[in-house]
Amino acid sequence: MDQDSTQLEDMPCVFDNAPIGVFDSGFGGLTVAREIAKALPHESIVYVGDSARCPYGPRSLDEVGGYVQQIGSWLVDHGVKLIVIACNTATAAGLAEAQRTFPVPVIGVVEPGARAAAHATKNRRVGVIATKATVESDAYTKAIRHIDAGITVFSTATPRFVEIAEQGIRMAEGPIENYTSLASKVYIRPAFQEIAREYLEPLRRCDIDTLVLGCTHFPLLKALIGGVVGREVTLISSAKEAARDVAEALGRRNALAGIDREPRYDFFTTGEDIDEFRSFGSRVFRTPIDNVAHVDLS
Ligand code: DGL
């Protein structure tokens, strides 16, 4: 056995069982949290849903950047080992500043979505739907073109999709495990289809072959959106890709949780209605949510 392999075998296994902090303006970031839980089943998660200030989309980037600092500091005080900004608007508004400020790694959702889109497109025509603030920040266009400057990006703000996504969570019945699948019919109703057609027809006419769901609420609307843009357009959500980035970042730092660990999931909402967060959040997270508490960040 050579010197190097002896040294590797003698190295102690290092684990970090501190939780991962994840946040969003509401329920949308749970689409990211559930992918993290799926990819990293031993990791504990502390989730903050800023329901009291949802939606972020119509607010200014400065204001949302302030929320990022506030929630990030709270998560750091709660001992998280990494922060995921599971909101595109908040990523566009505050990722860079958060990475400069916090003593733990911070991962956003724009770059992972941009990367997935750049890899998926064949005709190099990519659509992006997102909140008004995200579209105005130009974050996706820059991120996609940073990977491949030859890609043409068509962006549209679709603010009513956040409203529809949140409404649908309230209207849904039935088993939570089916709720966010493509088979979910809760969003397939004429009023929603009308709005979706209005937003998406112009993008379809741009001959895009890939569409980025640039808001973490939008994976809930996959069936509705897919029904309008058609099967030939690949829908990209950054959740899976972001979860992969989290695994990689923790692995690189020897900071993964021990494999004998039962994960713990703790949820905090800035909203007043804990029961509502528990019941609707369970639908999006696809697992019953037990530990929910109110947090006052103001
Ligand atoms: N989920 C947030 C995002 O990804 C937006 C929802 C909101 O407007 O608060 O951008």
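All values derive from a computational prediction rather than experimental measurement. Positions are given from 1 along the sequence. Worth knowing before you read on, the calculation uses all heavy atoms, side chains too, and leaves out hydrogens, waters and symmetry mates.
The shortest side-chain heavy-atom distance between Val135 and Thr156 does not fall under the 4.5 Å cut-off. Taking the side chain as every heavy atom from C-beta outward, Val126 and Arg124 never approach each other to under 4.5 Å. In this structure the side chain of Pro103 reaches within 4.5 angstrom of the side chain of Val76, judged on heavy atoms. By the 4.5 Å heavy-atom criterion applied to side chains, Leu221 and Pro219 are not counted as neighbours. Counting heavy atoms from C-beta on, the side chains of Cys87 and Phe23 never come closer than 4.5 Å. Residues Leu211 and Ile225 meet the side-chain proximity criterion, which asks for heavy atoms closer than 4.5 Å. The closest side-chain heavy-atom distance from Thr141 to Val128 is not below 4.5 Å. Side-chain contact check for Gln193 versus Ile188: some heavy-atom pair is nearer than 4.5 Å.
For Lys132 (side chain) and Pro159 (main-chain N/O), no donor-acceptor pair under 3.5 Å exists by modelled atom type. With Asp209 contributing its side chain and Lys122 its backbone, the two residues share a donor-acceptor pair below 3.5 Å. Between the side chain of Ser282 and the main chain of Ile289, a donor-acceptor pair closer than 3.5 Å is present. A donor-acceptor contact shorter than 3.5 Å is absent between the side chain of Thr91 and the backbone of Gly108. With Ser238 contributing its side chain and Glu241 its backbone, the two residues share no donor-acceptor pair below 3.5 Å. At least one donor-acceptor pair under 3.5 Å links the side chain of Asp24 to the backbone N or O of Gly29. Under the 3.5 Å distance criterion, the side-chain polar atoms of Gln99 are matched with a main-chain donor or acceptor of Val106. A side-chain donor-acceptor contact under 3.5 Å links Thr31 to the backbone of Gly28. When atom types are taken as modelled, the side chain of Thr270 and the backbone of Ala52 share a donor-acceptor pair closer than 3.5 angstrom. Tyr47 contributes a side-chain N or O that, together with a main-chain N or O of Leu30, makes up a donor-acceptor pair within less than 3.5 Å.
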Check your understanding: How far apart are the C-alpha atoms of Leu250 and Ile20, what are their side-chain angles, what is the distance that settles it, and do they pass the side chain to side chain contact (heavy atoms under 4.5 Å, CB included) test?
Key -> CA-CA 10 Å; Leu250 293 179; Ile20 298 169; 3.8 Å; yes
Practice item. Give the intermediate values and the outcome of side chain to side chain contact (heavy atoms under 4.5 Å, CB included) for residues Ile129 and Cys215. Key: CA-CA 7 Å; Ile129 51 172; Cys215 168; over 6 Å; no
Practice item. Quick one: do Asp50 and Tyr56 satisfy side chain to side chain donor-acceptor pair (under 3.5 Å)? Show the steps, please. Key: CA-CA 9 Å; Asp50 194 6; Tyr56 282 180; 2.6 Å; yes
Practice item. Verify side chain to side chain contact (heavy atoms under 4.5 Å, CB included) between Ile151 and Thr121, making sure each step is shown before the conclusion. Key: CA-CA 9 Å; Ile151 294 177; Thr121 183; 3.9 Å; yes
Review point. Do Glu111 and Asp245 pass the side chain to side chain contact (heavy atoms under 4.5 Å, CB included) test, and can you show the C-alpha distance, the side-chain angles, and the key distance before you say yes or no?
Key: CA-CA 10 Å; Glu111 208 269 331; Asp245 283 7; 4.2 Å; yes
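Minimum interatomic distance between Cys54 and Ser25 (heavy atoms only, all atoms of both residues): CB-O, 3.1 Å. Between Phe27 and His217, the shortest heavy-atom contact is N-NE2, 4.3 Å. In plain terms, the two heavy atoms of Ala143 and Ala114 that are nearest each other are CB-CB, 3.6 Å. The heavy-atom pair separating Val212 from Tyr140 by the smallest distance is CG1-CE2, 3.6 Å. Listed here is the closest heavy atom pair of Ala98 and Ile85: CB-CD1, 4.4 Å. When all heavy atoms of Ala18 and Gly79 are compared, the pair lying nearest together is CB-O, 3.5 Å.
Here Glu201 does not pair with Arg197 in a salt bridge; the nearest charged N to carboxylate O distance is not below 4.0 Å. Ion pairing between Glu248 and Arg244 fails under the 4.0 Å rule for side-chain N and carboxylate O. Between Arg253 and Asp16 there is no salt bridge, since no side-chain N of the basic residue sits under 4.0 Å from a carboxylate O of the acidic one. Salt-bridge annotation for Glu35 and Arg286: absent, with no side-chain N of the basic residue lying under 4.0 Å from a carboxylate O of the acidic one.
Residues Phe161 and Tyr199 bring their aromatic ring centres within 6.0 Å. Taking the six-membered ring wherever Trp is involved, the centroid distance between the rings of Trp74 and Phe268 falls below 6.0 Å. Two rings, from Phe285 and Phe267, have their centers less than 6.0 Å apart.
Side chains of Ser137 and Thr134: no donor on one and acceptor on the other come within 3.5 Å.
Using cut-offs of 30° and 60° on the angle between ring planes, the pair Tyr187 and Phe192 is tilted.
Ile83 and Ile45 fall into different hydrophobic clusters, defined by Ile, Leu, Val, Met, Phe, Trp and Tyr side-chain heavy atoms under 4.5 Å apart, directly or through other members. By the criterion of side-chain heavy atoms lying less than 4.5 angstrom apart, applied directly or through intervening Ile, Leu, Val, Met, Phe, Trp or Tyr residues, Ile107 is not grouped with Val80; the two fall into different hydrophobic clusters. A single hydrophobic cluster is seen to contain both Phe218 and Val284, as judged by linkage of ILVMFWY side chains at heavy-atom distances under 4.5 Å, directly or through other members. Taken together through direct or relayed side-chain contacts under 4.5 Å among Ile, Leu, Val, Met, Phe, Trp and Tyr, Val22 and Phe102 form parts of separate hydrophobic clusters. There is no path of hydrophobic side-chain contacts, each under 4.5 Å, that joins Val84 to Val46.
Annotation: the span from Leu256 atom CG to Arg261 atom CZ amounts to 13.0 Å, rounded to 0.5 Å. Note: Ile236 CD1 to Leu213 CG = 8.0 Å, rounded to the nearest 0.5 Å. A distance of 10.0 Å separates CG of Asp207 from CD of Glu232, quoted to the nearest 0.5 Å. Expressed to the nearest 0.5 Å, how far CG of Leu200 lies from SG of Cys206 amounts to 11.5 Å. Rounding to the nearest 0.5 Å gives a distance of 9.0 Å between CG of Leu40 and NE2 of His42. To the nearest 0.5 Å, the span separating CG on Asn291 from CD1 on Ile274 amounts to 11.5 Å.
Within 6.0 Å of NE2 on His146 lie no more than 12 heavy atoms contributed by other residues, nucleotides or ligands. No more than 12 heavy atoms of other residues, nucleotides or ligands lie within 6.0 Å of NZ in Lys240, so this atom counts as exposed by the packing criterion.
Listed by chain and residue number, Asp275 satisfy the salt bridge (Lys or Arg N to Asp or Glu O under 4.0 Å) test with Arg278 (two or more places apart in sequence, or in another chain).
The cationic group of Arg53 lies under 6.0 Å from the six-membered ring centre of Tyr67 and within 45° of the ring axis, placing it in a cation-pi geometry.
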